[in-house]
Amino acid sequence: MPPRLSPTVRQQRLGIELRKMRERVGVTPKSLAATLGTDLPKISQMENGKSGISAERLRLWARTCHCADGPYLDALLAMTQDRRKYWWDGYRGRLPGGLIDIAEMEHHAESLAILHTTFIPGLLQTSAYASAVFARVRPPMPQPDADARTAFRIQRQRLFTERPKPYAAYIHESALRMQFGGAVVLRDQLLGVLEDSERPGVEIRTIPFSVDTFPGSGESLYLARGPVPELDTVQIDLSNGPKFVHLDTELQTYRQIKEETAAVALGPAESRDFIRALLKDFS
């Protein structure tokens, strides 16, 4: 099978974990290739996510690298055996790969936590609000592309009903007040956030202007918990597209930012009251 031209972030992540496993004990690619009965280019492709790996080979890879962490190996094996097509695959070639990788990340996460200081998180956006967000992109995109992105963002919200999981959103007052689409659109959006806050497993936490500067004040980050901590992922919004963070030290930093943000945010009930008070400014 020819190597993948554009591996997904999830496929790349499996390769990253294979390389980390090998490098941790100093096994050379040449030695591993001999053990697996393959060649150096194939090892490179596996570690770059450009080629899949069978369950049998993964187990042999782990034994060769003296990795006996059962839960971690089980999680990696699950990644190798998942060959299904998902709804987001229908958007490949129509949308940037990074946007599709976000939907894939959300689907496979055990829990999700997001911090935003400039706009309402995507899983909570109304269609009108999402359209207004994409209308602000520079350079402007063709309307069909903007419509496709809006439809994709709204379809991601099926997660709440089809694959519910703990979801915590920490939203700064600046994001709650930013008028994408004008006052009417924002009012409907805030009402939508209130409705979403009543969903099982969904926790909306607000951070008022009155809160002193906190570690995540300059951040926009999305923490996806994996089946084991080693497979956590953080997604960060950048002007040229999403960035996905997997490095252990960086993950620990972002976990700490999330915990310190949670410590200063209003509680769920207080946050609902806070949003209801804000609605009076946009009536």
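Both backbone and side-chain heavy atoms feed into the values below; hydrogens, waters and symmetry mates do not.
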Does any N or O in the side chain of D188 come within less than 3.5 Å of the main-chain N or O of V185, such that one atom is a donor and the other an acceptor? no

Walk me through whether R153 and T150 qualify under side chain to side chain contact (heavy atoms under 4.5 Å, CB included). CA-CA 5 Å; R153 181 159 290 182; T150 298; 5.8 Å; no

Between atom CD of Q256 and atom OG1 of T261, what is the distance when rounded to the nearest 0.5 Å? 9.5 Å

How about I102 and P242: do any of their side-chain heavy atoms sit closer than 4.5 Å? yes

With the side chain counted from C-beta on, respond yes when K165 and S111 share a heavy-atom pair under 4.5 Å apart, and no when they do not. no

Heavy-atom side-chain proximity of K42 to Q45 below 4.5 angstrom: yes

So, H172 versus F209, ring centres under 6.0 angstrom or not? yes

Does I43 form a side chain to side chain contact (heavy atoms under 4.5 Å, CB included) with L36? I'd like the steps, not just the answer. CA-CA 9 Å; I43 296 295; L36 267 62; 4.3 Å; yes

Treating R225 as the side-chain partner and D232 as the backbone partner, does any N or O pair qualify as donor plus acceptor under 3.5 Å? no

Compute the centroid of each ring, for Y129 and then for F119, and state whether the two points are separated by less than 6.0 Å. no

Nearest 0.5 Å please: distance from the CG atom of L5 over to the NZ atom of K50. 8.0 Å

All heavy atoms of Y170 vs all of A113, minimum pair found to be CE1-CB, 4.4 Å

I need the minimum non-hydrogen distance between T126 and Q189, along with the two atoms involved. N-OE1, 2.8 Å

Can you check whether G52's main-chain N or O pairs, donor with acceptor, with Q11's side chain at less than 3.5 Å? no

Shortest non-hydrogen separation from T80 to I53 and the atoms involved: CB-O, 3.4 Å

Could you state the interatomic distance from CD1 (I171) to OG1 (T118), rounded to the nearest 0.5 Å? 11.0 Å

Determine whether a donor-acceptor pair (N or O, by modelled atom type, separation under 3.5 Å) exists between the side chain of K85 and the backbone of G90. no

So, for A103 and R156, which heavy atoms are closest and what is the spacing to 0.1 Å? CB-CG, 4.0 Å

Any C65 side-chain heavy atom under 4.5 Å of R24 side chain: no

L115 with Y167, same ILVMFWY side-chain cluster at under 4.5 Å: no

Is the backbone N or O of P7 less than 3.5 Å from a side-chain atom of R10, with the two atoms forming a donor-acceptor pair by type? no

Please check if L58 and M46 belong to a single hydrophobic cluster, counting links between Ile, Leu, Val, Met, Phe, Trp and Tyr side chain heavy atoms closer than 4.5 Å. yes

Quick one: do M178 and V137 end up in the same hydrophobic cluster if we chain Ile, Leu, Val, Met, Phe, Trp and Tyr together by side-chain heavy atoms under 4.5 Å apart? no

Is a side-chain donor or acceptor of R22 paired with a backbone partner of V27 at a separation under 3.5 angstrom? yes

Go through the steps to decide whether I204 and R272 satisfy the test side chain to side chain contact (heavy atoms under 4.5 Å, CB included), and finish with yes or no. CA-CA 8 Å; I204 308 295; R272 280 191 284 270; over 6 Å; no

Do R177 and L278 touch side chain to side chain, with heavy atoms closer than 4.5 Å? yes

Applying the 4.5 Å side-chain criterion to the ILVMFWY set and letting contacts propagate, would L251 and I114 be lumped into a single cluster? no

Between Y72 and C67, what is the shortest heavy-atom contact and its length? CD2-SG, 3.9 Å

Under the 3.5 angstrom rule, does the side chain of S271 hit a backbone N or O of L266 as a donor-acceptor pair? yes

Parallel, tilted or perpendicular: rings of F152 and W87 (30°, 60°): tilted

Interatomic distance, E173 atom CD to I275 atom CD1 [nearest 0.5 angstrom]: 10.5 Å

Which pair of heavy atoms, one from R13 and one from L231, lies closest together, and at what distance? NH2-CA, 3.2 Å

To the nearest 0.5 angstrom, please state how far the CD1 atom of I257 sits from the CD atom of Q252. 11.0 Å

Quick one: side chains of residues 142-149, donor-acceptor pairs under 3.5 Å with protein atoms, not counting sequence neighbours, listed by atom name and distance.
unit_1: Q143; atom_1: NE2; unit_2: D147; atom_2: OD1; d: 2.8

Separation between OG1 (T253) and CG (D248), nearest 0.5 Å, reads 11.0 Å

Say whether, by atom type as modelled, one donor and one acceptor occur between the side chain of Q157 and the main chain of Q125 under 3.5 angstrom. yes

Transitively linked via ILVMFWY side-chain contacts under 4.5 Å: L221 with L112? no

Can you check whether L194 reaches L190 side chain to side chain, under 4.5 Å on heavy atoms? no

Below 4.5 Å, heavy atoms only, C-beta onward: do Y86 and H108 meet side chain to side chain? yes

Residue pair T233 / Y254, side-chain heavy-atom distance below 4.5 Å: no

Checking side chain to side chain contact (heavy atoms under 4.5 Å, CB included) for the pair L76/M21: CA distance, chi angles, key distance, verdict? CA-CA 11 Å; L76 295 183; M21 195 187 302; 3.7 Å; yes

Is the backbone N or O of V9 less than 3.5 Å from a side-chain atom of D101, with the two atoms forming a donor-acceptor pair by type? yes

With a 6.0 Å cut-off (strictly less than), is the heavy-atom count around CD of E162, excluding the residue itself, greater than 12? yes

Do side-chain atoms of R205 reach the backbone of A262 as a donor and acceptor pair under 3.5 angstrom? yes

